[in-house]
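Working notes, beginning with the structure itself.
A, B, ... follow the sequence lines: proteins, then strands. Residue 1 opens every chain.
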Amino acid sequence: MTGIPMAKGITKRSVDYSRWYTDVIAAAQLADHSPVKGCMVIRPTGYAIWEQMQTALDKLFKETGHVNAYFPCFIPEHFMKKEAEHVKGFAPECAVVTHGGGKKLEEPLFIRPTSETIIWAMYKDWIQSYRDLPLLINQWANVVRWEMRTRLFLRTTEFLWQEGHTAHATYEEAEAETKQMLEVYRTFAEEYMAVPVITGKKTEREKFAGALHTYCIEAMMQDAKALQAGTSHNLGQNFAKAFDVTFQNEAGELESVWATSWGVSTRLIGALIMTHSDDNGLVLPPKMAAVPVVIVPIWKSDEEMDAVLKRLDVLTRNWKDKFNFKIDDRNNLRPGRKFNEWEKKGIPIRLEVGPRDLETNEIVLVRRDTCEKTRVSQDNLTERIISTLESMQVDMFKKALAFRRSNTHKVDDYDEFKERIDAAGGFYLVHWNGQTASEEKLQEETKATIRCIPFDAPEETGKCLITGQPSTRRVIVARAY
RNA sequence: CGGGGCAUAGCGCAGUCCGGUUAGCGCACCUGGUUUGGGACCAGGGGGUCGCAGGUUCAAAUCCUGCUGCCCCGACCA
């Protein structure tokens with residue numbers, strides 16, 4: 001048994017990918033456009049996904065020794081101006097508060113686009129000796145960046161994120177932290193979101209404003225475009241010097257502190273949607289579904305209703321501590337409507353139970369990722385559900401990985417590259433001479449950017465795709481969100 | 001910032017060119033009944049300062065002027 005009828009109200013991916021994306025969000029009731037330009041209202045269904053993400057990530061952060069704190073959203077103007085590169089990078093996209101309490105403020109307050117400056121202003125007071133290090137703090141917060149063009153989840157004026165800000169005694173320690181947190185992001189993306197990512201280093205041009213270097217995870221969406229899904233920065237001593245944060249080392253000498261910062265945002269919800277969902281709506285990997293199992297009971301008479309619900313009572317008795325589930329016993333909707341509703345919302349497993357199943361001791365199990373419908377025995381149902389959820393988690397990752405692999409190519413000829421990226425998008429492993437000038441030329445001529453220098457790229461001699469100059473390794477080039 | 005489009009019920013639209021009953025349709029919503037294994041049906045009902053502000057006119061959703069907001073496509077960004 002298979003098959004799901006065509007979805008109403010969702011544009012097919014093949015017709016218009018970006019319409020499809022917004023249709024899926026609307027159909028699943030994840031978010032709405034707000035009355036304020038560029039901002040979104042995250043609806044309960046969408047926020048539940050964010051909560052799943054927060055829970056999993058927060059645990060990973062705590063396991064690596066981090067603690068949470070909260071800093072204000074207002075940043076005094078002169079803080080923003082202390083780190084030269086940082087101002088240059090962020091000033092143009094900042095919202096600034098000039099009035100408060102009906103009066104013009106003495107000093108304008110920037111609404112944080114990120115919190116390095118206010119956090120380092122505080123770290124100055126908190127750090128005196130090497131014994132105060134490392135300082136490993138994370139905060140869950142909103143930030144504002146005045147973007148010209150916005151898209152739900154992918155780029156909104158205000159968005160939710162977490163930002164880790166750590167302080168260390170040495171460069172090596174800071175570097176280890178930067179890499180460790182990138183690895184946390186990779187683990188989270190792949191094992192929880194089932195989104196395969198490439199880890200690597202950003203080019204000078206793409207790195208964070210004020211960082212020594214930036215590492216990232218890059219994912220491929222179903223239209224074969226790249227999406228930066230998370231970043232981790234080694235900030236060196238730039239912020240410590242700008243905010244005069246020093247510590248006494250064991251030898252009693254005064255040194256500047258070494259810093260990192262790292263973040264992922266509600267953009268991950270966009271990544272999740274564009275990696276797994278289909279023409280029928282949202283598809284959630286089990287670990288990202290607050291409620292991974294929904295049961296639609298079916299009945300004609302009141303007697304049948306009682307019988308079905310009673311059986312469900314027995315069947316679900318030991319489920320509470322194993323996985324969340326919901327019994328959709330609304331009596332004003334017919335089953336077909338409920339099937340469709342839960343499909344659009346991406347619930348991983350749907351169970352259908354009616355009078356016929358009571359007789360045969362079976363139940364209908366439908367997998368959202370494959371749309372596969374199976375009649376399964378009511379015996380061992382709990383184990384069957386758990387194993388199905390586990391398979392789905394793995395299968396969805398494998399499917400996404402296979403897609404990325406089949407859309408990743410090595411190319412050595414610039415004209416061939418132009419043709420292929422126009423025709424099919426995709427990731428291209430190409431040689432690059434390491435110069436910003438050729439990177440800019442590439443973007444001007446093809447709208448593609450260097451997504452990252454992958455960690456696993458082997459040393460290999462070749463010629464730069466753009467200039468023909470010598471190169472020692474390949475980088476990933478793609479058109480990106 | 002450039003190009004395009006839209007603004008009429010919660011959503012999607014018609015009506016606007018050519019001014020004229022009480023502004024209409026589909027979906028959604030409410031009530032009652034029949035239904036229920038893939039998006040139910042029948043009957044009844046509620047909901048609108050026609051984006052805002054001026055103007056023309058006996059009369060404006062409709063004509064004129066100005067403004068505002070939003071969406072989509074490009075240049076910039078997590």
Atom pairs, N/O to N/O, protein against nucleotides 4-8 of chain B, distance under 3.5 Å?
none

Span that lies between the [atom1] atom of [M] and that of [N], in whole angstrom:
N: B:G15; M: B:U62; atom1: C1'; value: 9 Å
N: B:G54; M: B:G32; atom1: C1'; value: 49 Å
N: B:A28; M: B:A9; atom1: C1'; value: 11 Å
N: B:U65; M: B:A23; atom1: P; value: 27 Å
N: B:C67; M: B:G24; atom1: P; value: 34 Å

- Item | Contact list for RNA chain B against residues 443-454 of chain A - heavy-atom distance below 4.0 Å | A:Q443, A:K447
- So, do A:F79 and A:F74 have ring centers that fall under 6.0 Å from each other? no
Under 4.0 Å, counting only non-hydrogen atoms across every strand here, what does [X] touch: a base, just sugar-phosphate, or nothing?
X: A:F159; result: base
X: A:L227; result: nothing
X: A:P355; result: base
X: A:S265; result: base

- Query: A:M181 CE to B:A78 P: how many Å, rounded?
  - Reply: 19 Å
Under 3.5 Å, is there a donor-acceptor pair between the [X] and [Y] side chains?
X: A:R451; Y: A:T449; answer: yes
X: A:T178; Y: A:W262; answer: no
X: A:T64; Y: A:Q180; answer: no
X: A:S261; Y: A:E116; answer: yes
X: A:W432; Y: A:S438; answer: yes

- Item | Shortest non-hydrogen separation from A:I347 to A:R368 and the atoms involved | O-CB, 3.2 Å
Which nucleotide in [options] has an atom nearest any side-chain atom of [X]:
X: A:T22; options: B:C72, B:A78, B:G37; value: B:C72
X: A:N331; options: B:A78, B:G37, B:U36; value: B:U36
X: A:F339; options: B:G37, B:A78, B:G38; value: B:G38
X: A:E352; options: B:G38, B:C72, B:U35; value: B:G38

Check whether any side-chain nitrogen or oxygen of [X] sits under 4.0 Å from OP1 or OP2 of [N], and answer yes or no.
X: A:R334; N: B:G37; result: yes
X: A:R337; N: B:A28; result: yes
X: A:S18; N: B:C72; result: no
X: A:H33; N: B:C71; result: yes

- Between A:K207 and A:L333, who's closer to the 5' end of RNA chain B by nearest nucleotide? A:L333
Can you find a donor-acceptor pair, distance only, under 3.5 Å between [X] side chain and [N] base?
X: A:R375; N: B:G37; value: no
X: A:E343; N: B:G38; value: yes
X: A:K373; N: B:G38; value: yes

Sort out the partner of [N] for me: Watson-Crick or G-U wobble, both distances under 3.5 Å, none otherwise.
N: B:G69; value: B:C6
N: B:G74; value: B:C1
N: B:U62; value: none
N: B:G44; value: B:C30

- Between A:E304 and A:K300, is there a donor-acceptor pair closer than 3.5 Å when you use the side chain of the first and the backbone of the second? yes
